[in-house]
Amino acid sequence: MQRFRGKVAIVTGAGSGIGLAIARAFASEGAAVVIAEINPATGAVAAATIGTAGGQAIAIPTDVADETQVARMVEATVDRLGQVDILVNNAGVVAHRLLLDLEREVWERQLAVQLTGPFLASRHVARHLITRGATGRIINISSVAALMGRVKGGAHCASKAGLTMLTRVLAMELGAYGITVNAVAPGLVDVPAQRDELNLSGAYKERYLREIPLGRIGEPADIAHTVLFLASDEAAWVSGQLHVVDGGLMAGHLSFQGVHDFTMLQGTGMEGELP
Ligand SMILES: NC(=O)c1ccc[n+]([C@@H]2O[C@H](COP(=O)([O-])OP(=O)(O)OC[C@H]3O[C@@H](n4cnc5c(N)ncnc54)[C@H](O)[C@@H]3O)[C@@H](O)[C@H]2O)c1
């Protein structure tokens with residue numbers, strides 16, 4: 001299928017994990033893709049891998065928290081590829097600390113990357129779309145952490161919850177221009193960073209899997225499929241929503257705190273495995 005032939009998609013943080021899967025999926029369906037990644041090395045490899053597979057991708061090193069860099073990235077995309085049609089705000093950083101211990105700089109960086117970054121990229125892309133008189137799609141990668149608190153995840157949860165509201169307000173403000181804005185909230189997805197944590201304890205992983213009705217951790221492609229639907233013509237009347245993609249985790253969620261709640265190990269003899 002070539003649903004995105006003639007379209008240009010920017011994916012932030014597409015050097016690895018979920019963003020890379022999204023970029024690959026867009027390219028495999030005909031889109032020209034911009035890898036807007038802070039790490040120039042992984043960004044270049046991602047673009048080259050997509051090129052080798054027959055897709056079109058360019059890497060533009062970008063820190064999404066820096067408005068000057070974001071503006072330049074959008075301008076460079078238009079210069080090199082002619083336009084922007086789709087923006088996926090995916091870049092993320094992880095910090096596991098109790099709020100009591102969290103350094104202010106870490107809090108601010110997390111919000112800068114995961115909340116301010118999507119705000120900045122969205123408005124630069126939206127201004128381009130409006131000037132061009134074109135409709136478009138903005139998709140924000142949120143998390144189930146937007147919906148449930150997580151011990152040692154204060155800045156992460158707060159930024160993702162803020163991203164949900166940013167999604168709603170952008171949807172309201174940009175709807176008149178034919179721009180849809182949605183968020184996707186993944187549950188636990190198997191990317192290298194998460195794998196390191198899950199491997200801390202087999203029992204821990206087992207406990208987590210028991211909370212997922214579909215019985216498995218997500219794959220990056222599970223998230224990419226939903227993102228591509230939201231970017232497609234079929235989703236033209238879908239906007240302002242948070243779409244949870246989590247194997248059913250949230251369906252019956254009552255009090256389970258999530259993978260980062262290491263307090264569940266207390267009293268099990270596995271406290272030594274706490275990071
Ligand atoms: N993996 C999961 O279980 C999971 C679950 C829910 C939500 N998410 C979200 O999915 C998104 C992707 O995460 P992932 O799991 O693929 O992790 P990841 O670490 O593999 O990917 C994040 C990417 O963002 C890049 N990045 C970091 N700061 C940046 C910046 N300032 N500007 C541009 N790029 C930057 C990183 O270099 C990296 O390539 C994140 O927003 C994350 O919060 C992940």
Side-chain angles (χ1 to χ4, degrees), residues 10-25 34-47 49 59-74 87-96 106 108-121 124 139-148 150 153 155-164 166-167 183-198 205 208-209 211-212 216-224 226-227 242-247 249-250 258-260:
I10 294 171
V11 185
T12 70
S16 68
I18 293 171
L20 177 57
I22 294 168
R24 278 183 166 148
V34 172
I35 314 281
E37 162 66 53
I38 198 169
N39 182 329
T42 59
V45 170
T49 307
I60 304 181
T62 312
D63 177 352
V64 297
D66 179 334
E67 185 158 18
T68 305
Q69 292 190 36
V70 170
R72 280 199 200 125
M73 179 272 291
V74 174
L87 167 68
V88 182
N89 287 307
N90 163 82
V93 284
V94 179
H96 298 148
V106 177
E108 286 178 349
R109 182 66 184 161
Q110 189 123 33
L111 266 71
V113 175
Q114 298 194 165
L115 183 55
T116 308
F119 156 61
L120 297 173
H124 282 277
I139 297 139
N140 296 320
I141 305 302
S142 178
S143 168
V144 291
L147 299 167
M148 58 180 172
R150 176 183 292 172
H156 182 67
C157 294
S159 65
K160 294 298 190 183
L163 189 56
T164 303
L166 179 73
T167 301
V184 175
L188 185 61
V189 175
D190 187 8
V191 300
Q194 298 285 1
R195 208 172 299 146
D196 291 346
E197 283 169 44
L198 279 170
K205 180 174 181 178
Y208 196 93
L209 282 173
E211 304 292 330
I212 304 176
R216 69 171 173 85
I217 305 295
E219 295 295 329
D222 291 316
I223 309 308
T226 301
V227 170
L242 177 66
H243 305 268
V244 178
V245 183
D246 66 350
L249 172 71
M250 295 303 296
V259 71
H260 301 302

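Residue numbers run from 1 in the order of the sequence given. Being a predicted model, the structure only gives us computed values, none of them experimental. Atoms within each ligand, like the ligands themselves, are counted from 1 in listed order.
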Exercise. When you look at I223 and V184, which way does the side chain to side chain contact (heavy atoms under 4.5 Å, CB included) test go after all the steps?
Worked result: CA-CA 8 Å; I223 309 308; V184 175; 4.0 Å; yes
For this session: Tell me the residues surrounding ligand 1, counting only those with a heavy atom closer than 4.0 angstrom, sorted by chain and number.
Result: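 Its neighbours under 4.0 Å (heavy atoms only) are G13, S16, G17, I18, A36, E37, I38, T62, D63, V64, N90, A91, G92, V93, R109, V113, Q114, I141, S142, S143, H156, K160, P186, G187, L188, V189, V191, Q194, given by chain and number.
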Problem set entry | N140, L147, L242 screened by side chain to side chain contact (heavy atoms under 4.5 Å, CB included) with T164, the one that passes |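 So, applying the side chain to side chain contact (heavy atoms under 4.5 Å, CB included) to T164 and each of N140, L147, L242, only L242 qualifies.
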For this session: Please name all residues satisfying side chain to side chain donor-acceptor pair (under 3.5 Å) with N39, sequence neighbours left out, ordered by chain then number.
Result: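 For N39 there are no side chain to side chain donor-acceptor pair (under 3.5 Å) partners, ignoring immediate neighbours.
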Exercise. Hey, are R109 and D63 close enough for a salt bridge, meaning a charged N less than 4.0 Å from a carboxylate O?
Worked result: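 Looking at R109 and D63, the cut-off is met.
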For this session: Could you give me the CA-CA distance, side-chain angles and deciding distance for V64 and L120, then say whether side chain to side chain contact (heavy atoms under 4.5 Å, CB included) is met?
Result: CA-CA 8 Å; V64 297; L120 297 173; over 6 Å; no
For this session: With R216 as reference, evaluate D246, D222, D190 under the salt bridge (charged side-chain N to carboxylate O under 4.0 Å, His left out) test and give the passing residue.
Result: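 That would be D222; it is the only one of D246, D222, D190 passing the salt bridge (charged side-chain N to carboxylate O under 4.0 Å, His left out) with R216.
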